[in-house]
Amino acid sequence: IALGIIIPAWTAGLCALFGSVLALAEKWHVSDGILYVLTNILNLGTPLTDLVPDTTSGKIVDVVVSSIAMGYVAIFADYVTTLNPSRYLRRKLRAYLIRMGVIDKDQTTSGYPLAAASVAHQHTHEDSFEEK
C-alpha cells in the first residue's frame with residue numbers, strides 16, 4: 001500500500017505545494033512550477049520544463065525543495081531496506097497461491113523462493129554433527 005498509494009500521493013502533494021510556492025515566487029504558471037519541482041524531487045535527468053528560477057526568492061525555494069528531495073530519497077531508501085516490503089509481498093503471494101491450490105503448504109522450502117520462513121527447515125544443534 002505504501003509503495004503504490006501513500007508515497008506517490010505524498011510526492012504529488014509535495015510537488016503541488018512547493019510548485020505553487022515556486023510559481024508564485026517566479027510569476028510562472030502553476031503547472032510549470034509543479035513540473036519543475038517534480039523534476040527536482042524525482043531527480044529526473046531530462047527536465048519536464050525549460051524554466052529555471054531567476055529571482056532570489058525562487059532560488060531559495062529551489063534550495064529548500066532540493067534539500068527536501070535529498071531527504072525524501074533517503075527516507076524512501078530507508079523504508080525499502082528496513083521494512084523490507086518485498087518479504088511482505090512474497091508472504092502474501094505465497095498465502096494466496098496456497099489458498100488457490102497452486103502450491104502445497106507442506107512442501108519443503110528448498111527450491112521454492114516463495115516459501116515462508118516459518119516453514120523453512122530449522123537448523124538444530126543435533127543436525128550439525130555427523131554420525132561416526
(request) Given side chain to side chain contact (heavy atoms under 4.5 Å, CB included), test Y36 with L51 step by step and report yes or no. (result) CA-CA 7 Å; Y36 181 84; L51 300 173; 5.6 Å; no
(request) Would you please test V65 and I41 for side chain to side chain contact (heavy atoms under 4.5 Å, CB included) and show each step? (result) CA-CA 7 Å; V65 168; I41 283 185; 4.2 Å; yes
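Atoms CD1 and CG, on I34 and L48 in that order, are 12.0 Å from each other to the nearest 0.5 Å. Rounded to the nearest 0.5 angstrom, I98 CD1 and L93 CG are separated by 10.0 Å. In this structure, OG in S66 is found 13.0 Å from NZ in K59, a value given to the nearest 0.5 Å. Atom CG of L44 and atom CG of L38 lie 6.0 Å apart (nearest 0.5 Å).
Under the 3.5 Å distance criterion, the side-chain polar atoms of T49 are left unmatched by any main-chain donor or acceptor of D32.
Residues F18 and L24 fall into different hydrophobic clusters, defined by Ile, Leu, Val, Met, Phe, Trp and Tyr side chains chained together at heavy-atom separations under 4.5 Å. There is a path of hydrophobic side-chain contacts, each under 4.5 Å, that joins V64 to V21. Under a hydrophobic-cluster definition in which Ile, Leu, Val, Met, Phe, Trp and Tyr are linked whenever side-chain heavy atoms come within less than 4.5 Å, directly or via other members, L42 and M70 are assigned to different clusters. Grouping the Ile, Leu, Val, Met, Phe, Trp and Tyr side chains by contacts below 4.5 angstrom, directly or via other members, places W28 apart from V30. Residue L22 is not grouped with residue V63 when hydrophobic side chains (ILVMFWY) are merged at heavy-atom distances under 4.5 angstrom, including chains of intermediate members.
When each of I60, D62, V61 is checked for a side-chain contact (heavy atoms from CB on, under 4.5 Å) with P53, only D62 meets the rule.
Across all non-hydrogen atoms, the minimal contact from A25 to S57 is CB-OG, 3.6 Å. Of all heavy-atom pairs spanning E26 and T55, the tightest one is OE2-OG1, 2.5 Å.
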